[in-house]
Amino acid sequence: GSMRTTLTWLGQGGFLLECGSSRIAIDPYLSNYLQSFKGGDPDFRRMFPPPIEPADLRADVLVATHDHCDHLDPETVLPMMNAVHTFLGPDSCAAAFRALGVPPQRIVAFNRGEKLSIGDVCLEAAYACHTRDSIGLYVHVPQGMFYFTGDSLLDERMLALKARPDILACCINGKLGNMDAGQAADLARALQVRTAIPCRYGLIPANTEDPGKFCTALLPGGPRCLILDVGVPYTWAQLIGGDKNA
């Protein structure tokens, strides 16, 4: 497909996926809300500033995979209120968006197994083993398929996926209800993905991991490990082939 697709990591579990003119923000955490929420505890501070200010992050759709504040962040959602067309997430997140004052007509409940098309992108809510109704995302673009695990433990239901994603973006931090680097590598291998992208590390001191462990666990002969720089758009060719200048 000639439709250009890029992926930008926003830090933590946050991504911006752009395909043609469609823009989808997934779990953007662009504030320091978690530290305030934890009573100012320095172990929960941001280790780097947001790559973009919430008010500047325009998107057709903002997807929250679950209602924890580093995925559905009031201080990110409120400034984005007028820059986002539709707020999407499972029932728990739809309720959280309503409570923040998002107009009800701009909230769409998006639960496991449901699908939604935005331009040339098809989103499907996947099972995630984290909260009662947490989701991951299968995202189909003209070039192929992404699988964003969201926050999740490794679960048989994830290994049973019939479709073969080209690109996996998975949590690796191994605590607070998330799979560790070795389990994430097992998932990448089982799904025979072409490229595996670790996320959910490097932002919050209390809850991080070395992505090198994930890359090592994929060797030998496993999918390619790609460590993204925060705030940099990667084209499909770069994600699949590794040429930073493609």
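Numbering starts at 1 and runs along the sequence shown.
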Going through the distances and angles, do T65 and D151 end up as a side chain to side chain contact (heavy atoms under 4.5 Å, CB included)? CA-CA 8 Å; T65 59; D151 278 7; 5.8 Å; no
Report the distance from atom SG of C93 to atom CZ of F87, rounding to the nearest 0.5 Å. 12.5 Å
Answer yes or no: is the gap between the SG atoms of C215 and C225 smaller than 2.5 Å? yes
Please check this pair: side chain of S134 against backbone of H66, looking for a donor-acceptor N/O pair closer than 3.5 Å. no
In terms of heavy-atom contacts, T5 and L17 come closest through CG2-CD1, 4.1 Å
L176 reachable from L34 in the ILVMFWY side-chain graph, under 4.5 Å edges: no
With rounding to the nearest 0.5 Å, note down the distance linking CZ in F44 to CD1 in I204. 8.0 Å
Approximate separation, where rounding is to 0.5 Å, of L203 CG and N32 CG: 8.5 Å
Counting only heavy atoms not in K115, do more than 12 sit closer than 6.0 Å to its NZ atom? no
Return yes if some donor-acceptor pair links the side-chain N/O of Q143 with the main-chain N/O of M3 below 3.5 Å, else return no. yes
Okay, side chain of S117, backbone of C122: is any donor-acceptor separation there less than 3.5 Å? no
Give a yes or no answer on whether the side chain of R189 reaches the backbone of P223 with a donor-acceptor pair at less than 3.5 Å. no
Evaluation steps, side chain to side chain contact (heavy atoms under 4.5 Å, CB included), between M179 and T149: CA-CA 10 Å; M179 65 188 106; T149 63; 4.0 Å; yes
Minimal heavy-atom distance between R200 and D70, with the atoms involved, is NH2-OD2, 3.2 Å
For the hydrophobic clusters of this structure (ILVMFWY residues joined by side-chain heavy atoms under 4.5 Å, transitively), does one cluster hold both I227 and M47? no
Close side-chain approach of L137 and F110, heavy atoms under 4.5 Å: yes
Keeping the roles fixed (side chain from D67, backbone from L72), state whether a donor-acceptor pair exists under 3.5 Å. no
Value rounded to 0.5 Å, distance of CG in D27 from CZ in F15: 9.5 Å
Distance (rounded to the nearest 0.5 Å) between E18 CD and T6 OG1: 4.0 Å
Using 30° and 60° as the class limits, which term best fits the ring planes of Y201 and W9: parallel, tilted or perpendicular? tilted
Does atom CD of E156 have more than 12 heavy-atom neighbours, drawn from other residues, nucleotides or ligands, at distances under 6.0 Å? no
What about L187 and Y138, same hydrophobic cluster or not, with Ile/Leu/Val/Met/Phe/Trp/Tyr joined at side-chain heavy-atom distances under 4.5 Å? yes
In short, Y29 meets Q35 closest at the heavy-atom pair OH-N, 4.3 Å
Evaluate the side-chain proximity of F97 to L88: yes if any heavy-atom separation is below 4.5 Å, no if none is. no
I'd like to check K213 versus I172 (side-chain heavy atoms, cut-off strictly below 4.5 Å). Are they in contact? no
Polar side-chain atom of R106 near backbone of P103 as donor-acceptor pair, under 3.5 Å: no
Mind checking whether Y234 and V121 sit in one hydrophobic cluster, side chains of I, L, V, M, F, W, Y counted as touching below 4.5 Å? yes
Is there a side-chain hydrogen bond (donor to acceptor under 3.5 Å, both in side chains) between D60 and S22 once you walk through the steps? CA-CA 6 Å; D60 298 282; S22 306; 4.7 Å; no
Looking only at heavy atoms, what is the nearest atom pair of L62 and P28, with distance? CD1-CG, 3.8 Å
Would you say that R23 contacts L57 through its side chain, given a criterion of any heavy-atom pair below 4.5 Å between the two side chains? yes
Would a distance-only check, ignoring hydrogens and angles, find a side-chain to backbone donor-acceptor pair under 3.5 Å from D120 to C19? no
Could you please spell out the steps behind the side chain to side chain contact (heavy atoms under 4.5 Å, CB included) verdict for I107 and R98? CA-CA 8 Å; I107 301 169; R98 274 196 302 277; 3.4 Å; yes
Are V108 and F148 grouped together when hydrophobic residues (ILVMFWY) are joined by side-chain heavy atoms under 4.5 angstrom apart? yes
With the side chain counted from C-beta on, respond yes when N178 and N207 share a heavy-atom pair under 4.5 Å apart, and no when they do not. no
Given 3.5 Å as the limit, does a donor-acceptor pair link the side chain of R164 with the main chain of Q192, or not? no
Can you find a heavy atom in the side chain of Y33 that is under 4.5 Å from one in the side chain of T76? no
Just by distance, do the side chain of D43 and the backbone of P205 share a donor-acceptor pair under 3.5 Å? no
Please find the pair of heavy atoms, one from L228 and one from L239, that lie closest to each other, and give the distance. CD2-CD2, 4.1 Å
Check for a donor-acceptor pair, side chain of D133 on one end and backbone N or O of S92 on the other, with a separation under 3.5 Å. yes
How long is the straight-line distance from CG of L153 back to SG of C171, given to the nearest 0.5 Å? 8.0 Å
Report yes if the side chains of E209 and F214 come closer than 4.5 Å at any heavy-atom pair, otherwise no. no
Which atom pair, heavy atoms only, marks the closest approach of P51 to L30? CD-CD2, 4.0 Å
